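Since this is a predicted model, take the numbers as computed values, not measurements. Proteins come first, then strands; the chains are lettered A, B, ... in the order of their sequence lines, and each starts at number 1.
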Amino acid sequence: MEDSIGGSSSNDNNIIKEQDRLLPIANVGRLMKQILPQNAKISKEAKETMQECVSEFISFVTSEASEKCRKERRKTVNGDDICWALATLGFDDYAEPMRRKSRTKIQEASTNQNDLC
Amino acid sequence: MSHIRTIIKLEDPDLRVSKDALMAVNTAAETFVEQFVQEAYTCCAEDRKKCLSYDHLDFVPERVKAEDALRERSAAGKGG
């Protein structure tokens with residue numbers, strides 16, 4: 001379950017490629033499009049900003065969950081840690097949409113098209 | 001899911017992440033984008049524009065480290 005991430009194709013592993021640090025812009029753009037009316041357009045700049053924001057959000061939540069695991073001397077972060085981190089960081093209102101989405105994801109487990117990653 | 005795992009590993013390379021944690025982060029990230037875009041589009045609609053541009057996302061705070069943000073948050077909580 002805990003597999004290591006694929007290494008960067010760069011010769012120097014210390015250099016983190018920009019695309020490794022961010023989620024794919026196409027996926028972010030597709031998700032943005034789903035929420036907006038059909039006649040709405042999204043500028044490239046807005047997609048890039050959203051791309052930065054969502055990656056920062058992931059790091060923000062994960063670092064909080066990671067800190068909890070470190071304090072509890074655990075090496076693996078689980079779903080409950082993430083939910084706890086969200087609540088701690090003031091994203092309590094995400095709980096219900098997340099529950100709804102989880103139910104939907106279980107129902108359509110075979111199709112991963114809407115996933116961000 | 002590999003992209004999310006990569007971002008998490010950049011934060012802490014030694015951290016192990018379970019599949020349900022990845023699912024939770026993925027779902028939270030989707031929710032984040034949805035709520036964010038809805039708010040941005042509201043700003044956009046007020047401008048009577050049909051194109052969502054950088055200016056509509058400009059209520060984004062500057063990039064800050066998580067620990068700095070938490071420190072500020074707890075300081076604000078104590079002060080209030």
Side-chain angles (χ1 to χ4, degrees), chain A residues 1-6 16 20-24 27-28 31-32 34-37 39-43 45-46 48-50 52-66 69 75-83 86 89-91 93-94 97-98 101-102 105 114-117, chain B residues 1-45 49-70 73-74 77:
Chain A
M1 197 173 277
E2 283 85 38
D3 55 314
S4 60
I5 58 162
I16 297 155
D20 287 345
R21 195 178 60 79
L22 303 170
L23 291 174
N27 298 31
V28 174
L31 194 58
M32 289 172 84
Q34 282 173 12
I35 296 136
L36 297 170
N39 64 337
K41 293 182 181 74
I42 309 162
S43 72
E45 229 178 353
E48 285 168 355
T49 305
M50 194 72 250
E52 286 273 353
C53 288
V54 77
S55 298
E56 193 61 31
F57 170 78
I58 290 167
S59 298
F60 189 47
V61 172
T62 308
S63 65
E64 187 66 12
S66 154
C69 289
K75 285 182 181 172
T76 308
V77 171
N78 58 42
D80 290 338
D81 296 322
I82 299 297
C83 293
L86 285 165
L89 296 168
F91 297 102
D93 54 331
Y94 280 32
M98 279 179 74
K101 277 200 179 130
S102 296
K105 276 203 170 80
N114 294 331
D115 274 9
L116 257 180
C117 46
Chain B
M1 293 283 181
S2 61
H3 286 98
I4 284 180
R5 192 187 286 276
T6 306
I7 294 167
I8 293 170
K9 288 282 188 180
L10 289 176
E11 192 71 26
D12 185 351
D14 302 322
L15 192 69
R16 294 165 81 185
V17 192
S18 71
K19 202 159 191 281
D20 65 323
L22 282 178
M23 281 288 285
V25 173
N26 182 64
T27 312
E30 283 182 11
T31 309
F32 174 79
V33 173
E34 284 171 14
Q35 290 197 2
F36 203 123
V37 171
Q38 274 166 351
E39 284 193 40
Y41 188 69
T42 306
C43 300
C44 178
K49 296 236 174 79
K50 279 185 185 173
C51 182
L52 188 61
S53 67
Y54 179 81
D55 294 341
H56 300 118
L57 300 175
D58 216 15
F59 51 84
V60 186
E62 281 182 59
R63 283 179 68 121
V64 286
K65 283 192 173 178
E67 57 263 33
D68 296 338
L70 286 167
R73 196 167 184 262
S74 61

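- Here the straight-line distance linking atom CD of B:E34 with atom CE of A:M32 works out to 12.0 Å at 0.5 Å rounding.
- Counting all heavy atoms, side chain and backbone alike, B:H3 lies closest to A:L22 at CD2-O, 4.3 Å.
- Remark: A:A65 pairs with A:V77, A:D81, A:I82, A:A85 by the side-chain contact (heavy atoms from CB on, under 4.5 Å) rule, at least two apart or across chains.
- Put simply, CG on B:L15 and OG1 on A:T76 are 7.5 Å apart, with the number rounded to the nearest 0.5 Å.
- Using cut-offs of 30° and 60° for the angle between ring planes, the B:F32 and A:F91 rings count as perpendicular.
- B:S18 and A:G79 get closest at one heavy-atom pair: OG-N, 4.1 Å.
- For the atom pair B:L10 CG and A:S59 OG, the distance stands at 7.5 Å (nearest 0.5 Å).
- Side chain of A:N78 to main chain of B:A21: no donor-acceptor pair is present (N/O by atom type, distance under 3.5 Å, no hydrogens or angles).
- For chain B, the nearby part of A:E64 is the side chain; its heavy atoms alone come within less than 4.5 Å.
- Nearest heavy atom pair, residue B:V25 against residue A:I58, reads CG1-CG2, 3.7 Å.
- We find the CZ-CD1 distance between A:F57 and B:I7 to be 11.5 Å, quoted to the nearest 0.5 Å.
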